[in-house]
Amino acid sequence: MTPSPLIKLQDVSYTYPGATEPVLDRVVLALRKGQHLGLIGPNGCGKTTLFHVVMGLLKPNTGMLSFKGTELRKAQDFKKLRQEIGLLFQDADDQLFSPTVLEDVAFGPLNLGASPAEARKMAIQTLSDLGLAELEKRVTHQLSGGEKKLVSLATILAMQPKALLLDEPTNNLDPATRARLIKILTGLDLAYVIISHDWDFLAETSQDILVMDQGRVTECHKSCLHDHRHAHPYGRHPHQHSDGKGKDHPA
Ligand SMILES: Nc1ncnc2c1ncn2[C@@H]1O[C@H](COP(=O)(O)OP(=O)(O)O)[C@@H](O)[C@H]1O
Ligand SMILES: [Mg+2]
């Protein structure tokens, strides 16, 4: 028997109070163990809202959400889900609030019941696993945008989640940090959904792509992922592009 999806949405609709049109219109979605999904769609189509509904930050008007086969009804059910599903906020400043990086990363485990010593140990381990050990003592609000994004990811991973919801994780990342994020994500044994406008990033990190438009979510075959346009000083000359897997392709 196939195990129940980690997260399942059946005909979930949501309208912001006072709005006339629903932002989510009968959304159907399933995230299974180990599955890597990309979610693309125009600005304002409801992607962030969808993540907030899954996390229980917004309550759908109709439809059903379930977590590991159990319907989510009460606030307490969503609390359990939040212990196992990590949301990386679109804006890292919504995620980080402690004075130092180590305190921020230790906060989650502490909140889940770890002792201060255990939480500290888990935070140090997570930062080290992500190659961020040198940031431990840094003042969180003084980090660069890219560092904040990676530390935000560390705050989630320190809680040892079963799945991640990543909201536009590559926004404002320089190419090196973006490459580092790809390496981290593809090395994780976790299910995730990534919202992104970055087609190349999704091609490298996701098996399946979902498209959101006007409140509806539909599947898109990965072969439709081809929007690679670029300009650089060598554009007019024969040159090669790496596919990120060590292979070069003619431009
Ligand atoms: N708190 C809110 N109250 C009312 N409308 C909102 C609120 N947050 C977002 N919206 C509206 O809902 C729509 C979807 O927003 P959002 O989910 O943030 O889109 P996306 O992440 O796809 O860019 C937008 O039209 C946005 O203006
Ligand atoms: Mg958004």
Side-chain angles (χ1 to χ4, degrees), residues 4-33 35-95 97 108 111 149 152-153 155-156 159 161-171 190-199 201-202 205-220 224:
S4 303
L6 281 170
I7 300 169
K8 191 171 169 193
L9 278 71
Q10 277 174 287
D11 293 324
V12 167
S13 297
Y14 179 77
T15 306
Y16 279 105
T20 47
E21 295 293 322
V23 177
L24 305 182
D25 183 10
R26 290 162 288 155
V27 170
V28 175
L29 183 85
L31 177 69
R32 299 186 177 277
K33 193 168 177 285
Q35 198 176 16
H36 297 159
L37 295 176
L39 178 64
I40 56 176
N43 288 329
C45 75
K47 304 177 300 295
T48 296
T49 305
L50 174 66
F51 276 7
H52 290 184
V53 164
V54 171
M55 296 300 282
L57 307 176
L58 296 171
K59 192 176 178 320
N61 306 104
T62 55
M64 196 182 102
L65 284 117
S66 52
F67 176 51
K68 295 192 290 192
T70 305
E71 189 178 347
L72 298 160
R73 295 171 200 264
K74 304 184 295 292
Q76 190 61 26
D77 302 334
F78 283 98
K79 198 173 165 199
K80 275 196 198 133
L81 170 136
R82 285 196 291 272
Q83 292 178 352
E84 297 188 40
I85 309 289
L87 170 65
L88 185 79
F89 281 92
Q90 190 165 342
D91 183 350
D93 289 325
D94 289 337
Q95 198 112 38
F97 48 81
N111 202 33
K149 204 55 125 182
S152 295
L153 184 59
T155 65
I156 298 166
M159 292 188 274
K162 300 264 188 319
L164 304 174
L165 303 178
L166 306 152
D167 197 346
E168 303 205 19
T170 61
N171 275 6
L190 282 180
Y192 54 70
V193 185
I194 304 178
I195 293 174
S196 182
H197 299 290
D198 182 341
W199 295 82
F201 179 75
L202 290 183
T205 54
S206 310
Q207 298 142 348
D208 299 296
I209 305 295
L210 304 172
V211 177
M212 187 161 190
D213 200 13
Q214 300 190 330
R216 306 299 301 260
V217 173
T218 49
E219 277 182 41
C220 155
C224 74

Side chains of Phe67 and Glu84: closer than 4.5 Å at any heavy-atom pair?
yes
Quick one: closest heavy-atom pair of Lys149 and Ala92, and the distance?
N-CB, 4.3 Å
Considering all heavy atoms, the nearest Thr48-Ile195 contact:
N-CD1, 4.0 Å
With distance as the sole test, does Asn61 use its side chain to make a donor-acceptor pair with the main-chain N or O of Thr15 at under 3.5 Å?
yes
Looking at Ser4 and Lys68, what are the two nearest heavy atoms and their distance?
CB-C, 3.9 Å
Decide if atom NZ of Lys80 counts as having more than 12 heavy atoms of other residues, nucleotides or ligands within a radius under 6.0 Å.
no
Apply side-chain contact (heavy atoms from CB on, under 4.5 Å) to residues Met159 and Asn111 and explain how you reach the verdict.
CA-CA 9 Å; Met159 292 188 274; Asn111 202 33; over 6 Å; no
Compare all side-chain heavy atoms of Leu164 with those of Leu153 and state whether any distance is below 4.5 angstrom.
yes
Just by modelled atom types, is the His36 backbone N or O under 3.5 Å from a matching donor or acceptor in the Gln207 side chain?
yes
For a 4.5 angstrom cut-off between non-hydrogen side-chain atoms, does Ile40 reach Ile209?
yes
Could you check whether any side-chain heavy atom of Leu39 comes within less than 4.5 Å of a side-chain heavy atom of Met212, counting everything from C-beta outward?
yes
To check you understand the geometry: which heavy-atom pair defines the closest contact between Gly86 and Met55, and what is its length?
C-CE, 4.5 Å
Glu71 atom CD, neighbour heavy-atom count above 12 within 6.0 Å
yes
If you compare all heavy atoms of Phe78 against all heavy atoms of Leu65, which two are closest, and at what distance to 0.1 Å?
CZ-CD1, 4.2 Å
Asp77 vs Thr70 side-chain heavy atoms within contact, under 4.5 Å:
no
Whether His197 side chain and Pro42 backbone form a donor-acceptor pair below 3.5 Å:
no
Taking Ser13 for its side chain and Arg26 for its backbone only, find out whether a donor-acceptor pair lies under 3.5 Å.
yes
Any side-chain heavy-atom pair of Glu21 and Gln214 under 4.5 Å
no
Asp11 side chain near Met64 side chain, heavy-atom distance below 4.5 Å
no
Side chain to side chain contact (heavy atoms under 4.5 Å, CB included) partner of Asp198, the single match among Thr170, Thr205, Asn171:
Thr170
Name the residue from Val211, Leu210, Val28 that meets the side chain to side chain contact (heavy atoms under 4.5 Å, CB included) definition with Val217.
Leu210
Looking only at heavy atoms, the pair that brings Leu50 and Leu24 closest together is CA-CD1, 3.9 Å
